[in-house]
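Shown next, in structure tokens, is the structure this report addresses.
The analysis underlying the following values was restricted to heavy atoms, covering all of them including side chains, and did not include hydrogens, waters or symmetry mates. Note that the numbering runs from 1 along the sequence shown for the chain.
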Amino acid sequence: MKQLSELSSEQLSDWLSEASEQAKQGKLPNYIPLLEESKPSILSFCIVTQNNYLVSQEDSNLKFPLMSIIKPFLLLHLLSQFGKEVIFKKVGSQPSNYSFNSLEQLQLDQGFPRNPMINSGALTLASLLPGNDGDKKCKNLQQWLNQKSECHLFLDESMLESVESLPNIRNKAIIDKLTKTGHINDPEITLDTYNKICCLSGTVIDLARLGLLLVNAPNISSRNAEIVLNIMITCGLYEASENLAKNIGFPSKSGVSGAILSIVPEQGAIACYSPPLDAQGNSVASLYLIEKIARYLKT
């Protein structure tokens, strides 16, 4: 397989132009007001490798909320805290053909969260973060990630206010089910924690550096990283995961802000941000760009 450092600036420039055109096919999410106000033409991109090769473009300093991309790192943190035996008594590791916020999937599974990359699983894991309120639980994860990855995640208070401005009926229904089945004990703190960790924000450079935690990082258990990567490849792109795994082949995770993180094993991480989404909630331009890079690396 080719190396990320072999990508030419000319080739990347062509793909970025093509990806920008692809973005016109997507739509901005209409369920978080601030995300709906995002500039659809934005396309931010970064590659970071183990040997400190870094490539990005001018708008790589744009800040955005990680949203669901926080989920694999929530799992990584809790694996380091409690171990896999404890964690996988709370949540499964099987893919879902339902949407990321599906109540029906949880009901079919008798209240057991199917995997950590969908909302039922992430809400369950969020409840396990140390701290007696949402602020402390979020800060616990934020500080751990910033320390381990040398990135600069921060809580975007404006985005949090926007998330909380509308009633999230689906998440509340999921929490109600999880509470009734004994998976969480404090529904209000759990929802507050989940909203806060999803609003942890940074740049594509921060996101790519987070990705390096899953690429032979010296301060992270390789076994825990392997667990996270295996779940990302089967569950990280929602119900489109199975099909996209064939096209990309690298563990990836998306967020409804328009960001996608893809891990190239033994090499590095690719981070992209472009707000317009497809029907599954994945960034159209980011997927296009990552698929192009993946095909190049495998030739």
Practice prompt. Quick one: which residue pairs count as a side chain to side chain donor-acceptor pair (under 3.5 Å) with a foot in residues 14-23, not counting sequence neighbours?
Written response: E18-Y288, E21-K24, Q22-Q25
Discussion item. For the residue pair K137 and Y194, would you count it as a cation-pi contact if the rule is NZ or CZ under 6.0 angstrom from the ring centre and within 45 degrees of the ring axis?
Written reply: no
Discussion item. Would the distance check show the side chain of S38 and the main-chain N or O of E36 forming a donor-acceptor pair, the cut-off being under 3.5 Å?
Written reply: no
Worksheet entry | Over 12 non-hydrogen atoms of neighbours within 6.0 angstrom of NZ in K298 | yes
Discussion item. Run the side-chain contact (heavy atoms from CB on, under 4.5 Å) test on R223 and E226 for me, step by step, so that the C-alpha distance in whole Å, both residues' side-chain angles and the decisive distance to 0.1 Å come before the verdict.
Written reply: CA-CA 5 Å; R223 178 57 186 146; E226 182 182 357; 3.4 Å; yes
Worksheet item: So if you build clusters from Ile, Leu, Val, Met, Phe, Trp, Tyr with side-chain heavy-atom gaps below 4.5 Å, do F82 and L213 land together?
Response: yes
Discussion item. Are Q267 and Q3 packed together at the side-chain level, in the sense that at least one heavy-atom pair is separated by less than 4.5 angstrom?
Written reply: yes
Worksheet item: Of L54, V55, T203, I205, which is the lone residue that meets side chain to side chain contact (heavy atoms under 4.5 Å, CB included) with S60?
Response: I205
Worksheet item: Would L123 and N171 satisfy side-chain contact (heavy atoms from CB on, under 4.5 Å), going step by step from the backbone distance to the final call?
Response: CA-CA 9 Å; L123 283 160; N171 274 355; 4.3 Å; yes
Fill in: Side-chain donor/acceptor of R114 to backbone N/O of P95, under 3.5 Å
yes
Discussion item. So does N216 get a backbone contact from the side chain of E266, meaning a donor-acceptor N/O pair under 3.5 Å?
Written reply: no
Tell me which donor-acceptor pairs under 3.5 Å the side chains of residues 276-284 have, and how far apart each pair is, sequence neighbours excluded?
residue : atom : partner : partner atom : Å
D278    : OD1  : Q280    : N            : 3.0
D278    : OD1  : G281    : N            : 3.1
D278    : OD1  : N282    : N            : 2.9
N282    : OD1  : S254    : OG           : 2.5
N282    : ND2  : L237    : O            : 3.4
S283    : OG   : G258    : O            : 3.3
S283    : OG   : S274    : O            : 2.8
S283    : OG   : S286    : N            : 3.2
S283    : OG   : S286    : OG           : 2.8

Worksheet item: Roughly how far apart are L129 CG and K136 NZ, rounded to 0.5 Å?
Response: 13.5 Å
Discussion item. Is any side-chain heavy atom of I260 closer than 4.5 Å to one of L289?
Written reply: no
Worksheet item: Taking atom NZ of K27 as the centre, does the number of heavy atoms from other residues, nucleotides or ligands within less than 6.0 Å exceed 12?
Response: no
Worksheet item: Looking at I184 and S127, what are the two nearest heavy atoms and their distance?
Response: CG2-OG, 3.5 Å
Worksheet, complete the sentence: Taken in chain and number order and not counting sequence neighbours, the residues that satisfy salt bridge (Lys or Arg N to Asp or Glu O under 4.0 Å) with D186 are none
Worksheet item: What is the minimum heavy-atom distance between M1 and V264, and which atoms define it?
Response: CE-CG1, 3.9 Å
Item to complete: Verify, without hydrogens or angle tests, whether K71 (side chain) and M117 (backbone) share a donor-acceptor contact under 3.5 angstrom.
Response: yes
Worksheet item: Do any N or O atoms from the side chain of S257 and from the backbone of M67 form a donor-acceptor pair under 3.5 angstrom?
Response: no
Fill in: Cationic N near anionic O, under 4.0 Å, K180 to D176
yes
Worksheet item: Can any side-chain N or O of D59 pair as donor or acceptor with the backbone N or O of L62 at less than 3.5 Å?
Response: no
Item to complete: Look up atom CD1 in I270 and atom CD1 in I293, then write down how far apart they are to the nearest 0.5 Å.
Response: 4.5 Å
Fill in: Within 6.0 angstrom of L166 CG, more than 12 heavy atoms from elsewhere
yes
Discussion item. Hydrophobic clustering (ILVMFWY, side-chain heavy atoms < 4.5 Å, transitive) - are L74 and I233 grouped together?
Written reply: no
Discussion item. For G268 versus V215, what's the shortest heavy-atom pair and its separation?
Written reply: O-CG2, 3.8 Å
Discussion item. Checking Q105 against S96: is there a side-chain donor and acceptor pair closer than 3.5 Å?
Written reply: yes
Discussion item. Would you say that S68 contacts V256 through its side chain, given a criterion of any heavy-atom pair below 4.5 Å between the two side chains?
Written reply: no
Worksheet item: If we only count heavy atoms from C-beta on, is the Y31 to N168 side-chain gap below 4.5 Å?
Response: no
Worksheet entry | Donor-acceptor pair, side chain of N115 and main chain of I118, under 3.5 angstrom | yes
Worksheet item: Going by atom types only, do S252 and S262 share a side-chain donor-acceptor pair under 3.5 Å?
Response: yes
Fill in: Any pair counted as ring pair (Phe, Tyr, Trp, His ring centres under 6.0 Å), so long as it reaches residues 165-185, sequence neighbours left out
F112-H183
Practice prompt. Using a cut-off of 6.0 Å, state whether more than 12 heavy atoms not belonging to E188 lie near its atom CD.
Written response: no
Worksheet item: Would you say the side chain of I42 lies within less than 4.5 Å of the side chain of Y273, judging by non-hydrogen atoms?
Response: yes
Practice prompt. Answer with yes or no whether the side chains of N101 and N119 bring together a donor and an acceptor at under 3.5 Å.
Written response: no
Worksheet, complete the sentence: Nearest heavy-atom approach of A271 to A208 is CB-N, 3.8 Å
Worksheet item: So do the side chains of L210 and F73 get within less than 4.5 Å of each other, counting heavy atoms only?
Response: yes
Fill in: Side chains of C198 and I69 in contact at under 4.5 Å (non-hydrogen atoms)
no
Discussion item. Walk me through whether F250 and I263 qualify under side-chain contact (heavy atoms from CB on, under 4.5 Å).
Written reply: CA-CA 6 Å; F250 299 140; I263 308 300; 5.7 Å; no
Discussion item. Under a 4.0 Å threshold between the charged nitrogen and the carboxylate oxygen, would R209 count as salt-bridged to D206?
Written reply: no
Item to complete: State plainly whether one hydrophobic cluster holds both L4 and L12, where clusters connect Ile, Leu, Val, Met, Phe, Trp and Tyr through side-chain heavy atoms under 4.5 angstrom apart.
Response: yes
What donor-acceptor contacts under 3.5 angstrom involve side-chain atoms of residues 151-158, with partners at least two apart or in another chain?
residue : atom : partner : partner atom : Å
D156    : OD1  : S158    : N            : 3.1
D156    : OD1  : M159    : N            : 3.0

Fill in: Cluster check L128, L79: I/L/V/M/F/W/Y, side chain < 4.5 angstrom
yes
Fill in: Smallest separation among heavy atoms of V91 and P116, with atom names
CG2-N, 3.7 Å
Fill in: Stepwise salt bridge (charged side-chain N to carboxylate O under 4.0 Å, His left out) test for D192 and K196
CA-CA 6 Å; D192 184 45; K196 284 181 165 70; 2.6 Å; yes
Response to the item:
Shortest non-hydrogen pair, P65 vs L35, comes out as CG-CD2, 4.2 Å
Worksheet item: Hey, is CD on E161 packed in by over 12 heavy atoms from elsewhere, all under 6.0 Å?
Response: no
Fill in: Pairs satisfying side chain to side chain donor-acceptor pair (under 3.5 Å), at least one member in residues 72-95, at least two apart
H77-N140
Item to complete: List the steps and the verdict of side-chain contact (heavy atoms from CB on, under 4.5 Å) for Y98 and L103.
Response: CA-CA 9 Å; Y98 290 83; L103 177 62; over 6 Å; no
Worksheet item: Would you say I87 and L106 are hydrophobically clustered, going by side-chain heavy atoms of ILVMFWY under 4.5 Å?
Response: no
Worksheet item: Between the side chain of E164 and the main-chain N/O of S162, is any donor-acceptor distance below 3.5 Å?
Response: no
Worksheet item: Any donor-acceptor pair under 3.5 Å linking the side chain of T181 with the backbone of K177?
Response: yes
Worksheet item: Are C199 and V163 close enough that some pair of their side-chain heavy atoms sits under 4.5 Å apart?
Response: yes
Fill in: Donor-acceptor contact below 3.5 Å, side chain D109 vs main chain G111
no
